[in-house]
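Working notes for the structure below.
In what follows, every heavy atom counts, from backbone to side chain, and hydrogens, waters and symmetry copies are set aside. The first residue in the sequence is number 1, and the count goes up from there. Just follow the structure's listing: the first ligand is 1, and inside any ligand the first atom is 1.
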Amino acid sequence: MTTLFEKIIARQIPGDILHQDDRVTAFRDIHPRAPVHILIVPNKPIPTANDIADMDEALIGHMFTVARDLAQREGISESGYRLIINCNDHGGQEVYHLHAHLVGGAPLGPMLSCA
Ligand code: AMP
């Protein structure tokens, strides 16, 4: 089944795409939780962090360099930001196509809140 993010990557449905190359696409989150909230997504649909294969190491590294460059472009490199990957139910994952959230632009508060 095609994931929502595959449809954005293929430009079948709208997305505010900030970066796209042969491995990774980055677009603004539709419900931003911070002034800057960008999703960095591998073009191939890896469902969760559990499904990252050894052969994906370079791809995952590329997600980080894209995040670094976007943070620079968005002007949040020096003030700081957070990169988040949610996995499965307890991680709060909603879309089962691996993605890193790049969030920043304001103080983000404590890293976690859980009971
Ligand atoms: P997660 O909970 O880590 O799976 O995050 C999924 C994220 O996808 C949420 O922050 C949603 O707001 C975001 N999202 C859902 N649909 C879209 C969409 N069509 N375009 C951009 N972001 C989306």
Is the Phe27 ring parallel, tilted or perpendicular to the Phe5 ring (thresholds 30°, 60°)?
-> perpendicular
Closest protein heavy atom to atom 4 (O) of ligand 1, given as residue, atom name and distance to 0.1 Å | Glu94 N, 2.7 Å
Which atom names give the shortest non-hydrogen contact between Ala34 and Gly104, and what distance separates them?
-> CB-O, 3.6 Å
Proximity to ligand 1 by part of Arg28, non-hydrogen separation under 4.0 Å = backbone
Does any N or O in the side chain of Asp69 come within less than 3.5 Å of the main-chain N or O of Val66, such that one atom is a donor and the other an acceptor?
-> no
Has the side chain of Arg73 got a donor or acceptor atom that lies under 3.5 Å from a matching backbone atom of Leu18?
-> yes
Tell me: protein heavy atom nearest atom 8 (O) of ligand 1, and distance?
-> Phe5 CZ, 3.5 Å
The protein heavy atom nearest to atom 2 (O) of ligand 1 is Gly92 O, 2.9 Å
Which part of Tyr96 is near ligand 1, with near meaning a heavy atom under 4.0 Å away: side chain, backbone, both or neither?
-> neither
For ligand 1, indicate whether the residue Leu39 contacts it via side chain, backbone, both or neither (heavy-atom separation under 4.0 Å).
-> side chain
Looking at side-chain heavy atoms only, is the closest gap between Thr48 and Gln93 below 4.5 Å?
-> yes
Would you please say whether a donor-acceptor pair under 3.5 Å links the side chains of His19 and Asp21?
-> yes
Just let me know how Ile8 lines up against ligand 1, side chain, backbone, both or neither, with a heavy-atom cut-off below 4.0 Å.
-> side chain
Where ligand 1 meets Gln93 - atom numbers and elements under 4.0 angstrom, heavy-atom basis = 2 (O), 4 (O)
Could you see which bit of Asn86 sits under 4.0 Å from ligand 1, with heavy atoms only: side chain, backbone, both or neither?
-> side chain
May I ask which of Ile30, Ile38, Ile85 has a heavy atom nearer to atom 17 (C) of ligand 1 than the others do?
-> Ile30
Which protein heavy atom lies closest to atom 5 (O) of ligand 1, and at what distance to 0.1 Å?
-> His99 NE2, 3.1 Å
When you check the side-chain N and O atoms of His99 and Asn86, is any donor under 3.5 Å from an acceptor?
-> no
Has ligand 1 got any nitrogen or oxygen that is less than 3.5 angstrom from a nitrogen or oxygen of Asp29?
-> yes
Is there a nitrogen or oxygen of Leu4 sitting under 3.5 Å from a nitrogen or oxygen of ligand 1?
-> no
Of all the atoms in ligand 1, which lie at a distance below 4.0 Å from a heavy atom belonging to His31?
-> 12 (O)
Same cluster or not: are Met63 and Leu102 linked, directly or through other Ile, Leu, Val, Met, Phe, Trp or Tyr residues, by side-chain heavy atoms under 4.5 angstrom apart?
-> yes
Would you kindly say whether Thr25 and Asn43 are connected by a side-chain donor-acceptor distance under 3.5 Å?
-> yes
Quick one: does Ile9's side chain get under 4.5 Å of Val41's, heavy atoms only?
-> yes
Under 4.0 Å from a heavy atom of His101: give me the atoms of ligand 1 that qualify, with their elements.
-> 1 (P), 3 (O), 5 (O), 7 (C), 10 (O)
Is any N or O atom of Val95, backbone or side chain, closer than 3.5 Å to an N or O atom of ligand 1?
-> yes
